[in-house]
K.L.:
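Okay, here's the structure, questions in a sec.
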Amino acid sequence: MAKEVTAEQIAMLEEMVARAQKAAAIIETYDQARVDHLCQAVAASVYDLKVWGQLADEAVDETGLGDKVTKRNKRNKLKLILRDCLRAKSVGAIEEIPEKGLVKYAKPVGVIASLVPTTNPCLTPAGQIIYAIKARDVVICSPHPRAKVVTNKCIDIIREALVREGAPADIIQGIQEPSIALTQELMKRCNLVIATGGRPMVKSAYSSGTPAYGSGAGNATVIIDDTADTPERQREAAQNTRISKTSDFGSGCSCDGNLVIHASVYEGFVKALVEEGAYLANEAEAEMLKNVMWDEMGHRLPSTVAISPQKLAEAAGFSIPEDRKFIAVTGGGKENIGKEHFFSSEKLTTLLTLFQYDGEFENALDMMRAIFEVGGKGHSCGIYSWNDDHIDRLGKAAPVSRIMVRQPNNKGNAGSATNGMPPTSPMGCGTWGGNIVSENIALKHYMNTTWVARPIPEDMPSLQELFGQFYKDGMDQE
(Lines give C-alpha, C1' and ligand atoms only; values in the text may rest on other atoms or scores of the structure.)
Protein backbone atom coordinates (compact mmCIF):
# COMPACT_ATOMS: atom_id res chain seq x y z
CA MET A 1 0.00 0.00 0.00
CA ALA A 2 1.47 3.35 -1.06
CA LYS A 3 2.14 5.83 1.74
CA GLU A 4 0.17 9.05 1.63
CA VAL A 5 2.02 12.13 0.44
CA THR A 6 2.59 15.01 2.82
CA ALA A 7 1.38 18.57 2.38
CA GLU A 8 4.99 19.60 1.75
CA GLN A 9 5.34 17.03 -1.03
CA ILE A 10 2.10 18.18 -2.66
CA ALA A 11 3.30 21.79 -2.54
CA MET A 12 6.63 20.75 -4.10
CA LEU A 13 4.84 18.84 -6.85
CA GLU A 14 2.47 21.68 -7.64
CA GLU A 15 5.41 24.06 -7.86
CA MET A 16 7.11 21.70 -10.35
CA VAL A 17 3.97 21.52 -12.45
CA ALA A 18 3.61 25.31 -12.41
CA ARG A 19 7.21 25.70 -13.57
CA ALA A 20 6.63 23.10 -16.26
CA GLN A 21 3.54 24.95 -17.50
CA LYS A 22 5.52 28.18 -17.65
CA ALA A 23 8.23 26.46 -19.71
CA ALA A 24 5.53 24.91 -21.92
CA ALA A 25 4.13 28.36 -22.72
CA ILE A 26 7.60 29.38 -23.94
CA ILE A 27 8.56 26.31 -25.99
CA GLU A 28 5.14 26.37 -27.67
CA THR A 29 6.22 29.61 -29.41
CA TYR A 30 9.38 28.09 -30.95
CA ASP A 31 9.55 27.62 -34.71
CA GLN A 32 10.76 24.45 -36.43
CA ALA A 33 14.39 25.56 -36.73
CA ARG A 34 14.59 26.46 -33.03
CA VAL A 35 13.02 23.16 -32.00
CA ASP A 36 15.37 21.12 -34.19
CA HIS A 37 18.39 23.03 -32.85
CA LEU A 38 17.38 22.22 -29.27
CA CYS A 39 16.89 18.54 -30.12
CA GLN A 40 20.45 18.42 -31.44
CA ALA A 41 21.86 20.25 -28.42
CA VAL A 42 20.16 17.97 -25.92
CA ALA A 43 21.05 14.77 -27.79
CA ALA A 44 24.70 15.83 -28.07
CA SER A 45 24.92 16.67 -24.36
CA VAL A 46 24.29 13.06 -23.29
CA TYR A 47 25.40 11.10 -26.38
CA ASP A 48 29.05 12.08 -25.87
CA LEU A 49 30.67 8.86 -24.64
CA LYS A 50 32.67 10.73 -22.01
CA VAL A 51 29.32 11.67 -20.48
CA TRP A 52 27.28 8.56 -21.30
CA GLY A 53 30.01 6.16 -20.18
CA GLN A 54 30.01 7.67 -16.70
CA LEU A 55 26.21 7.58 -16.57
CA ALA A 56 26.24 3.92 -17.63
CA ASP A 57 28.71 3.01 -14.88
CA GLU A 58 26.77 4.91 -12.24
CA ALA A 59 23.50 3.33 -13.37
CA VAL A 60 24.89 -0.17 -12.83
CA ASP A 61 26.47 0.80 -9.52
CA GLU A 62 23.27 2.35 -8.19
CA THR A 63 20.77 -0.24 -9.39
CA GLY A 64 22.86 -3.40 -9.34
CA LEU A 65 21.32 -4.25 -12.72
CA GLY A 66 22.90 -4.69 -16.12
CA ASP A 67 26.30 -4.56 -17.73
CA LYS A 68 28.53 -1.48 -17.89
CA VAL A 69 29.97 -2.44 -21.28
CA THR A 70 26.80 -3.07 -23.26
CA LYS A 71 24.85 -0.35 -21.46
CA ARG A 72 27.14 2.08 -23.26
CA ASN A 73 25.73 0.89 -26.59
CA LYS A 74 22.24 2.06 -25.61
CA ARG A 75 23.23 5.63 -26.40
CA ASN A 76 22.96 4.70 -30.09
CA LYS A 77 19.17 4.89 -29.66
CA LEU A 78 19.56 8.64 -29.20
CA LYS A 79 21.07 8.93 -32.69
CA LEU A 80 18.09 7.10 -34.17
CA ILE A 81 15.57 9.24 -32.31
CA LEU A 82 17.36 12.41 -33.39
CA ARG A 83 17.53 11.16 -36.98
CA ASP A 84 13.78 10.61 -37.12
CA CYS A 85 13.04 13.91 -35.40
CA LEU A 86 15.17 15.92 -37.81
CA ARG A 87 13.38 14.31 -40.77
CA ALA A 88 9.89 15.15 -39.50
CA LYS A 89 7.75 18.28 -39.25
CA SER A 90 6.28 19.15 -35.87
CA VAL A 91 5.39 22.85 -36.09
CA GLY A 92 2.48 24.19 -38.12
CA ALA A 93 1.17 22.14 -41.04
CA ILE A 94 2.83 18.73 -40.88
CA GLU A 95 0.82 16.80 -43.49
CA GLU A 96 -1.35 17.58 -46.51
CA ILE A 97 -3.67 15.21 -48.37
CA PRO A 98 -4.88 17.28 -51.33
CA GLU A 99 -7.22 14.66 -52.79
CA LYS A 100 -9.14 14.64 -49.52
CA GLY A 101 -8.82 18.36 -48.86
CA LEU A 102 -7.08 17.71 -45.54
CA VAL A 103 -4.27 19.52 -43.77
CA LYS A 104 -2.96 18.40 -40.37
CA TYR A 105 -1.43 20.84 -37.89
CA ALA A 106 0.75 19.74 -34.96
CA LYS A 107 0.12 20.98 -31.45
CA PRO A 108 1.92 20.08 -28.21
CA VAL A 109 0.24 17.81 -25.68
CA GLY A 110 1.59 19.90 -22.79
CA VAL A 111 3.13 18.54 -19.60
CA ILE A 112 4.17 14.89 -19.79
CA ALA A 113 4.68 12.70 -16.72
CA SER A 114 7.42 10.18 -17.52
CA LEU A 115 7.65 7.08 -15.36
CA VAL A 116 11.28 5.96 -15.69
CA PRO A 117 12.21 2.26 -15.29
CA THR A 118 15.16 1.05 -13.27
CA THR A 119 16.55 -0.86 -16.28
CA ASN A 120 16.89 2.27 -18.46
CA PRO A 121 17.34 5.10 -15.96
CA CYS A 122 19.10 7.42 -18.43
CA LEU A 123 18.04 6.26 -21.89
CA THR A 124 14.34 6.74 -21.14
CA PRO A 125 14.50 10.40 -20.02
CA ALA A 126 17.10 11.29 -22.66
CA GLY A 127 15.16 9.73 -25.52
CA GLN A 128 11.82 11.06 -24.35
CA ILE A 129 13.04 14.63 -23.97
CA ILE A 130 14.26 14.68 -27.59
CA TYR A 131 10.80 13.64 -28.76
CA ALA A 132 9.16 16.03 -26.31
CA ILE A 133 11.18 19.03 -27.45
CA LYS A 134 10.45 18.17 -31.05
CA ALA A 135 6.73 18.20 -30.23
CA ARG A 136 7.14 21.35 -28.04
CA ASP A 137 6.21 19.50 -24.86
CA VAL A 138 7.77 19.54 -21.41
CA VAL A 139 8.52 16.55 -19.19
CA ILE A 140 8.51 15.82 -15.47
CA CYS A 141 10.29 12.54 -14.75
CA SER A 142 9.55 10.25 -11.85
CA PRO A 143 12.67 8.09 -11.53
CA HIS A 144 12.62 4.60 -10.12
CA PRO A 145 13.63 4.87 -6.42
CA ARG A 146 16.55 2.49 -7.06
CA ALA A 147 17.88 4.77 -9.82
CA LYS A 148 16.90 8.25 -8.64
CA VAL A 149 20.46 9.60 -8.34
CA VAL A 150 21.68 8.68 -11.83
CA THR A 151 18.37 9.61 -13.48
CA ASN A 152 18.46 13.06 -11.93
CA LYS A 153 22.11 13.45 -12.90
CA CYS A 154 21.15 12.75 -16.51
CA ILE A 155 18.28 15.26 -16.24
CA ASP A 156 20.64 17.90 -14.82
CA ILE A 157 22.99 17.48 -17.79
CA ILE A 158 20.06 18.04 -20.15
CA ARG A 159 18.86 21.06 -18.16
CA GLU A 160 22.32 22.62 -18.42
CA ALA A 161 22.30 22.08 -22.20
CA LEU A 162 18.91 23.80 -22.47
CA VAL A 163 20.10 26.80 -20.50
CA ARG A 164 23.22 27.12 -22.66
CA GLU A 165 20.93 27.40 -25.68
CA GLY A 166 18.74 30.05 -24.07
CA ALA A 167 15.79 27.72 -23.37
CA PRO A 168 14.05 27.14 -20.03
CA ALA A 169 15.70 24.47 -17.89
CA ASP A 170 12.24 23.41 -16.74
CA ILE A 171 11.49 21.88 -20.12
CA ILE A 172 12.61 18.80 -18.18
CA GLN A 173 12.50 18.21 -14.42
CA GLY A 174 13.02 15.22 -12.15
CA ILE A 175 11.54 14.31 -8.80
CA GLN A 176 14.46 14.04 -6.36
CA GLU A 177 12.84 11.66 -3.85
CA PRO A 178 10.31 9.61 -5.83
CA SER A 179 7.72 7.31 -4.33
CA ILE A 180 4.68 5.44 -5.59
CA ALA A 181 2.30 7.88 -3.93
CA LEU A 182 4.15 10.92 -5.26
CA THR A 183 4.18 9.46 -8.77
CA GLN A 184 0.43 8.89 -8.58
CA GLU A 185 -0.08 12.52 -7.63
CA LEU A 186 2.18 13.66 -10.47
CA MET A 187 0.18 11.70 -13.04
CA LYS A 188 -3.06 13.34 -11.94
CA ARG A 189 -1.61 16.80 -12.60
CA CYS A 190 -0.11 16.30 -16.07
CA ASN A 191 -1.61 16.21 -19.56
CA LEU A 192 -0.13 12.87 -20.64
CA VAL A 193 1.58 9.94 -18.94
CA ILE A 194 4.21 7.74 -20.59
CA ALA A 195 4.84 4.68 -18.43
CA THR A 196 7.85 2.55 -19.30
CA GLY A 197 8.12 -0.39 -16.95
CA GLY A 198 6.31 -3.24 -15.26
CA ARG A 199 2.60 -4.00 -15.30
CA PRO A 200 1.82 -2.41 -11.88
CA MET A 201 3.33 0.88 -13.06
CA VAL A 202 1.40 0.80 -16.33
CA LYS A 203 -1.83 -0.14 -14.59
CA SER A 204 -1.37 2.77 -12.20
CA ALA A 205 -0.85 5.11 -15.16
CA TYR A 206 -4.04 3.92 -16.82
CA SER A 207 -5.90 4.41 -13.53
CA SER A 208 -4.66 7.98 -13.01
CA GLY A 209 -7.46 9.64 -14.96
CA THR A 210 -4.88 11.16 -17.33
CA PRO A 211 -4.39 9.91 -20.92
CA ALA A 212 -1.52 7.42 -20.86
CA TYR A 213 0.71 5.31 -23.05
CA GLY A 214 2.17 2.18 -21.49
CA SER A 215 4.41 -0.77 -22.25
CA GLY A 216 3.67 -4.45 -21.82
CA ALA A 217 5.66 -7.33 -20.40
CA GLY A 218 7.91 -9.32 -22.71
CA ASN A 219 8.80 -12.96 -23.23
CA ALA A 220 10.61 -12.72 -26.56
CA THR A 221 10.39 -15.95 -28.50
CA VAL A 222 12.28 -16.74 -31.70
CA ILE A 223 11.60 -19.54 -34.18
CA ILE A 224 14.57 -21.17 -35.95
CA ASP A 225 12.98 -23.12 -38.81
CA ASP A 226 14.35 -25.83 -41.09
CA THR A 227 15.71 -23.33 -43.61
CA ALA A 228 18.48 -22.41 -41.16
CA ASP A 229 20.21 -25.44 -42.61
CA THR A 230 23.73 -24.28 -43.38
CA PRO A 231 26.63 -23.49 -41.04
CA GLU A 232 26.58 -19.88 -42.26
CA ARG A 233 22.88 -19.40 -41.49
CA GLN A 234 23.21 -21.11 -38.13
CA ARG A 235 26.21 -18.97 -37.26
CA GLU A 236 24.30 -15.79 -38.17
CA ALA A 237 21.29 -16.82 -36.08
CA ALA A 238 23.50 -17.81 -33.14
CA GLN A 239 25.45 -14.55 -33.27
CA ASN A 240 22.28 -12.46 -33.27
CA THR A 241 20.87 -14.56 -30.44
CA ARG A 242 23.98 -13.87 -28.38
CA ILE A 243 23.74 -10.13 -29.11
CA SER A 244 20.09 -10.04 -28.08
CA LYS A 245 20.44 -12.27 -25.03
CA THR A 246 23.49 -10.61 -23.49
CA SER A 247 22.73 -6.90 -24.02
CA ASP A 248 22.77 -5.26 -20.59
CA PHE A 249 22.74 -8.77 -19.08
CA GLY A 250 19.31 -9.51 -20.54
CA SER A 251 17.54 -6.70 -18.67
CA GLY A 252 15.27 -5.70 -21.55
CA CYS A 253 11.84 -7.12 -22.37
CA SER A 254 13.02 -7.58 -25.96
CA CYS A 255 15.99 -9.79 -25.10
CA ASP A 256 15.62 -13.32 -26.46
CA GLY A 257 14.04 -15.62 -23.90
CA ASN A 258 12.89 -18.70 -25.80
CA LEU A 259 14.09 -20.35 -28.98
CA VAL A 260 11.83 -22.80 -30.84
CA ILE A 261 14.19 -24.80 -33.06
CA HIS A 262 13.40 -27.36 -35.79
CA ALA A 263 14.78 -30.81 -34.96
CA SER A 264 16.64 -31.06 -38.28
CA VAL A 265 18.85 -28.06 -37.47
CA TYR A 266 18.85 -28.32 -33.66
CA GLU A 267 22.24 -29.99 -33.21
CA GLY A 268 24.10 -27.71 -35.62
CA PHE A 269 22.47 -24.57 -34.25
CA VAL A 270 23.18 -25.46 -30.61
CA LYS A 271 26.82 -26.06 -31.58
CA ALA A 272 26.86 -22.56 -33.11
CA LEU A 273 25.35 -21.17 -29.89
CA VAL A 274 28.16 -22.73 -27.86
CA GLU A 275 30.72 -21.18 -30.22
CA GLU A 276 29.03 -17.83 -29.54
CA GLY A 277 29.45 -18.24 -25.79
CA ALA A 278 26.54 -20.36 -24.55
CA TYR A 279 26.95 -22.61 -21.53
CA LEU A 280 24.63 -25.63 -21.78
CA ALA A 281 23.28 -26.37 -18.33
CA ASN A 282 22.59 -30.01 -17.49
CA GLU A 283 19.38 -31.20 -15.91
CA ALA A 284 20.61 -30.82 -12.32
CA GLU A 285 21.99 -27.34 -12.99
CA ALA A 286 18.73 -26.31 -14.65
CA GLU A 287 16.83 -27.32 -11.51
CA MET A 288 19.23 -25.28 -9.38
CA LEU A 289 18.74 -22.27 -11.67
CA LYS A 290 14.98 -22.58 -11.43
CA ASN A 291 15.15 -22.47 -7.64
CA VAL A 292 17.04 -19.14 -7.57
CA MET A 293 15.07 -17.49 -10.37
CA TRP A 294 11.48 -18.19 -9.28
CA ASP A 295 9.63 -18.81 -6.06
CA GLU A 296 7.30 -21.79 -5.69
CA MET A 297 4.42 -19.83 -7.25
CA GLY A 298 6.45 -18.85 -10.31
CA HIS A 299 7.08 -15.24 -9.31
CA ARG A 300 10.42 -13.94 -10.63
CA LEU A 301 12.94 -13.35 -7.84
CA PRO A 302 14.67 -9.95 -8.19
CA SER A 303 18.10 -11.05 -6.93
CA THR A 304 18.93 -12.84 -10.21
CA VAL A 305 17.55 -10.24 -12.64
CA ALA A 306 20.06 -8.76 -15.12
CA ILE A 307 23.23 -10.33 -13.74
CA SER A 308 26.16 -11.99 -15.50
CA PRO A 309 25.93 -15.71 -16.30
CA GLN A 310 28.79 -16.38 -13.89
CA LYS A 311 26.94 -14.67 -11.03
CA LEU A 312 23.73 -16.44 -12.02
CA ALA A 313 25.44 -19.81 -11.89
CA GLU A 314 27.11 -18.93 -8.60
CA ALA A 315 23.76 -17.95 -7.09
CA ALA A 316 22.40 -21.32 -8.19
CA GLY A 317 25.31 -23.21 -6.63
CA PHE A 318 27.62 -24.14 -9.51
CA SER A 319 30.27 -22.44 -11.63
CA ILE A 320 30.81 -21.82 -15.33
CA PRO A 321 33.89 -20.69 -17.30
CA GLU A 322 34.63 -16.96 -17.43
CA ASP A 323 34.38 -16.89 -21.23
CA ARG A 324 30.70 -17.96 -21.27
CA LYS A 325 28.31 -15.15 -22.28
CA PHE A 326 24.96 -16.73 -21.33
CA ILE A 327 23.39 -19.94 -20.04
CA ALA A 328 21.06 -22.13 -22.09
CA VAL A 329 18.69 -24.73 -20.67
CA THR A 330 16.79 -27.36 -22.63
CA GLY A 331 13.08 -26.68 -22.47
CA GLY A 332 11.89 -29.80 -24.28
CA GLY A 333 8.82 -29.74 -26.52
CA LYS A 334 5.31 -28.37 -26.39
CA GLU A 335 4.48 -30.57 -23.41
CA ASN A 336 7.06 -28.59 -21.40
CA ILE A 337 5.41 -25.22 -22.02
CA GLY A 338 2.92 -23.77 -19.54
CA LYS A 339 2.63 -21.69 -16.41
CA GLU A 340 3.83 -24.65 -14.35
CA HIS A 341 7.00 -24.77 -16.51
CA PHE A 342 8.83 -21.67 -15.34
CA PHE A 343 11.50 -21.73 -18.04
CA SER A 344 8.82 -20.88 -20.63
CA SER A 345 8.18 -17.53 -18.89
CA GLU A 346 10.13 -14.25 -19.05
CA LYS A 347 13.68 -14.50 -17.71
CA LEU A 348 15.11 -10.93 -17.72
CA THR A 349 18.64 -12.20 -17.26
CA THR A 350 21.41 -14.06 -19.07
CA LEU A 351 19.46 -17.30 -19.45
CA LEU A 352 17.87 -18.73 -22.59
CA THR A 353 15.48 -21.67 -23.01
CA LEU A 354 15.83 -24.01 -26.01
CA PHE A 355 12.69 -25.77 -27.24
CA GLN A 356 12.57 -28.28 -30.09
CA TYR A 357 9.84 -28.95 -32.65
CA ASP A 358 9.45 -31.61 -35.32
CA GLY A 359 7.67 -31.74 -38.63
CA GLU A 360 5.55 -28.98 -40.16
CA PHE A 361 5.95 -25.28 -39.40
CA GLU A 362 2.51 -25.25 -37.82
CA ASN A 363 4.02 -27.16 -34.90
CA ALA A 364 6.37 -24.23 -34.26
CA LEU A 365 3.41 -21.85 -34.38
CA ASP A 366 1.54 -23.99 -31.85
CA MET A 367 4.53 -23.84 -29.48
CA MET A 368 4.85 -20.09 -30.00
CA ARG A 369 1.16 -19.62 -29.13
CA ALA A 370 1.57 -21.77 -26.01
CA ILE A 371 4.57 -19.74 -24.83
CA PHE A 372 2.64 -16.49 -25.16
CA GLU A 373 -0.18 -17.96 -23.11
CA VAL A 374 2.40 -18.18 -20.32
CA GLY A 375 3.34 -14.51 -20.70
CA GLY A 376 4.50 -11.77 -23.02
CA LYS A 377 1.46 -11.43 -25.28
CA GLY A 378 1.58 -8.29 -27.35
CA HIS A 379 5.31 -7.63 -27.08
CA SER A 380 7.51 -9.37 -29.63
CA CYS A 381 8.84 -12.45 -31.30
CA GLY A 382 11.30 -13.22 -34.07
CA ILE A 383 12.13 -15.71 -36.77
CA TYR A 384 15.20 -17.03 -38.54
CA SER A 385 13.75 -18.26 -41.79
CA TRP A 386 14.48 -17.93 -45.48
CA ASN A 387 10.96 -19.10 -46.33
CA ASP A 388 8.60 -16.18 -47.00
CA ASP A 389 5.56 -18.37 -46.45
CA HIS A 390 6.75 -19.20 -42.92
CA ILE A 391 7.39 -15.53 -42.19
CA ASP A 392 3.93 -14.63 -43.49
CA ARG A 393 2.27 -17.34 -41.42
CA LEU A 394 4.04 -16.16 -38.27
CA GLY A 395 2.95 -12.61 -39.05
CA LYS A 396 -0.66 -13.77 -39.24
CA ALA A 397 -0.53 -16.00 -36.18
CA ALA A 398 1.62 -14.30 -33.55
CA PRO A 399 -0.26 -12.29 -30.88
CA VAL A 400 2.48 -9.64 -30.75
CA SER A 401 3.03 -6.08 -31.95
CA ARG A 402 6.43 -6.61 -33.55
CA ILE A 403 8.26 -9.45 -35.28
CA MET A 404 11.94 -9.28 -36.19
CA VAL A 405 13.11 -11.29 -39.20
CA ARG A 406 16.74 -12.46 -39.08
CA GLN A 407 17.93 -9.76 -36.67
CA PRO A 408 18.46 -9.41 -32.91
CA ASN A 409 15.14 -8.78 -31.18
CA ASN A 410 16.53 -6.40 -28.59
CA LYS A 411 18.26 -4.27 -31.25
CA GLY A 412 15.48 -4.34 -33.81
CA ASN A 413 12.26 -3.99 -31.80
CA ALA A 414 12.94 -0.49 -30.57
CA GLY A 415 14.32 0.79 -33.85
CA SER A 416 17.52 0.14 -35.75
CA ALA A 417 19.53 1.71 -38.54
CA THR A 418 18.86 -1.50 -40.49
CA ASN A 419 15.07 -1.65 -40.13
CA GLY A 420 12.21 0.80 -40.29
CA MET A 421 10.87 0.47 -36.74
CA PRO A 422 10.32 3.82 -34.98
CA PRO A 423 13.11 4.27 -32.40
CA THR A 424 11.83 4.32 -28.84
CA SER A 425 12.19 3.10 -25.29
CA PRO A 426 8.50 2.46 -24.44
CA MET A 427 6.82 -0.13 -26.67
CA GLY A 428 3.05 -0.44 -26.78
CA CYS A 429 1.76 -4.00 -26.77
CA GLY A 430 -1.87 -3.51 -27.75
CA THR A 431 -4.81 -4.95 -25.90
CA TRP A 432 -2.88 -8.24 -25.66
CA GLY A 433 -0.49 -6.54 -23.21
CA GLY A 434 -3.01 -4.19 -21.61
CA ASN A 435 -1.96 -1.17 -23.69
CA ILE A 436 -3.90 1.27 -25.86
CA VAL A 437 -1.58 1.06 -28.92
CA SER A 438 0.23 -1.83 -30.57
CA GLU A 439 3.21 0.14 -31.82
CA ASN A 440 6.37 1.88 -30.66
CA ILE A 441 5.72 5.10 -28.74
CA ALA A 442 7.38 7.70 -30.96
CA LEU A 443 7.02 11.31 -32.14
CA LYS A 444 3.40 11.14 -33.28
CA HIS A 445 2.34 10.08 -29.79
CA TYR A 446 3.85 13.26 -28.31
CA MET A 447 1.66 15.54 -30.44
CA ASN A 448 -1.95 16.56 -30.75
CA THR A 449 -3.14 17.19 -34.30
CA THR A 450 -5.73 19.55 -35.70
CA TRP A 451 -7.40 18.40 -38.93
CA VAL A 452 -8.52 21.14 -41.28
CA ALA A 453 -10.95 19.92 -43.96
CA ARG A 454 -11.71 21.87 -47.13
CA PRO A 455 -14.62 20.89 -49.40
CA ILE A 456 -13.92 18.41 -52.20
CA PRO A 457 -16.09 17.04 -55.04
CA GLU A 458 -18.67 14.62 -53.70
CA ASP A 459 -17.18 11.20 -53.05
CA MET A 460 -20.06 8.72 -52.78
CA PRO A 461 -20.43 5.57 -54.91
CA SER A 462 -23.83 4.50 -56.19
CA LEU A 463 -26.01 2.22 -54.06
CA GLN A 464 -25.35 -0.62 -56.52
CA GLU A 465 -21.58 -0.22 -56.00
CA LEU A 466 -21.91 0.03 -52.24
CA PHE A 467 -24.25 -2.86 -51.53
CA GLY A 468 -23.34 -5.18 -54.40
CA GLN A 469 -25.49 -8.29 -54.44
CA PHE A 470 -27.50 -6.93 -51.50
CA TYR A 471 -28.77 -3.94 -53.49
CA LYS A 472 -32.53 -3.70 -54.02
CA ASP A 473 -34.53 -1.19 -56.01
CA GLY A 474 -36.25 1.43 -53.85
CA MET A 475 -33.79 1.25 -50.91
CA ASP A 476 -34.04 5.04 -50.48
CA GLN A 477 -37.83 5.01 -50.43
CA GLU A 478 -40.13 4.39 -47.45
Side-chain angles (χ1 to χ4, degrees), residues 56 59-60 65-81 117-124 126-127 196-198 215-224 236-260 273 276-278 305-309 312 325-328 345-354 368 371-372 375-376 378-384 398 400-429 433 439-442:
V60 174
L65 300 174
D67 169 36
K68 292 181 178 181
V69 175
T70 54
K71 197 178 280 288
R72 280 164 164 72
N73 299 335
K74 289 188 172 185
R75 80 197 228 280
N76 292 322
K77 185 62 54 61
L78 304 180
K79 288 196 299 184
L80 291 166
I81 292 174
T118 184
T119 50
N120 276 324
C122 296
L123 178 62
T124 295
T196 312
S215 301
N219 192 20
T221 297
V222 181
I223 296 174
I224 315 290
E236 175 188 337
Q239 182 183 60
N240 285 339
T241 298
R242 186 257 306 159
I243 291 170
S244 186
K245 179 71 271 182
T246 61
S247 176
D248 208 17
F249 287 159
S251 67
C253 294
S254 291
C255 292
D256 289 4
N258 312 287
L259 301 187
V260 177
L273 277 183
E276 284 294 326
V305 169
I307 60 176
S308 72
L312 179 59
K325 306 297 185 185
F326 59 99
I327 301 173
S345 64
E346 188 175 32
K347 268 70 80 174
L348 292 176
T349 196
T350 46
L351 185 129
L352 184 69
T353 307
L354 309 179
M368 174 274 298
I371 288 171
F372 284 122
H379 202 285
S380 58
C381 67
I383 184 169
Y384 283 90
V400 298
S401 301
R402 46 197 68 79
I403 297 174
M404 296 299 108
V405 178
R406 301 191 302 273
Q407 55 191 299
N409 263 23
N410 83 302
K411 299 293 185 185
N413 280 341
S416 163
T418 55
N419 71 27
M421 296 294 289
T424 189
S425 181
M427 288 180 275
C429 297
E439 57 187 344
N440 291 359
I441 309 303

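If you read the sequence from its start, that first residue is 1, and numbering goes on from there.
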K.L.:
Can you list the residues that meet the side-chain contact (heavy atoms from CB on, under 4.5 Å) rule with D67, with sequence neighbours excluded?
P.N.:
V69, T70, D248, F249
K.L.:
For T118, which residues count as a side chain to side chain donor-acceptor pair (under 3.5 Å) partner, sequence neighbours excluded?
P.N.:
none
K.L.:
With a 4.5 Å cut-off on side-chain heavy atoms, are R406 and N240 touching?
P.N.:
no
K.L.:
In Å and rounded to the nearest 0.5 Å, what is the CD to CD distance from E236 to E276?
P.N.:
11.0 Å
K.L.:
Please enumerate all residues that pass side chain to side chain donor-acceptor pair (under 3.5 Å) together with S215, with sequence neighbours excluded.
P.N.:
none
K.L.:
Could you tell me which residues satisfy side-chain contact (heavy atoms from CB on, under 4.5 Å) with A442, sequence neighbours excluded, listed by chain and number?
P.N.:
Y131, P422
K.L.:
Please name all residues satisfying side chain to side chain donor-acceptor pair (under 3.5 Å) with N409, sequence neighbours left out, ordered by chain then number.
P.N.:
none
K.L.:
Around K68, counting heavy atoms of other residues, nucleotides and ligands shown, do more than 12 lie under 6.0 Å from its NZ?
P.N.:
yes
K.L.:
Stepwise, does the side-chain contact (heavy atoms from CB on, under 4.5 Å) test hold for T350 with K325?
P.N.:
CA-CA 8 Å; T350 46; K325 306 297 185 185; over 6 Å; no
K.L.:
Decide yes or no for S251 and L65: does some side-chain heavy atom of the first lie under 4.5 Å from some side-chain heavy atom of the second?
P.N.:
no
K.L.:
Go through it in stages, so that I can follow the logic: the residues are I224 and V260, the test is side-chain contact (heavy atoms from CB on, under 4.5 Å), and I'd like the CA-CA distance, side-chain angles, deciding distance and then a yes or no.
P.N.:
CA-CA 6 Å; I224 315 290; V260 177; over 6 Å; no
K.L.:
Determine, stepwise, if the pair N413 / S254 fulfils side chain to side chain donor-acceptor pair (under 3.5 Å).
P.N.:
CA-CA 7 Å; N413 280 341; S254 291; 3.0 Å; yes
K.L.:
Is there a side-chain contact (heavy atoms from CB on, under 4.5 Å) between Y384 and V222 once you walk through the steps?
P.N.:
CA-CA 7 Å; Y384 283 90; V222 181; 3.7 Å; yes
K.L.:
Would you please test V400 and T221 for side-chain contact (heavy atoms from CB on, under 4.5 Å) and show each step?
P.N.:
CA-CA 10 Å; V400 298; T221 297; over 6 Å; no
K.L.:
List for me each residue that meets side chain to side chain donor-acceptor pair (under 3.5 Å) alongside D256, sequence neighbours excluded, and say none if there are none.
P.N.:
S244
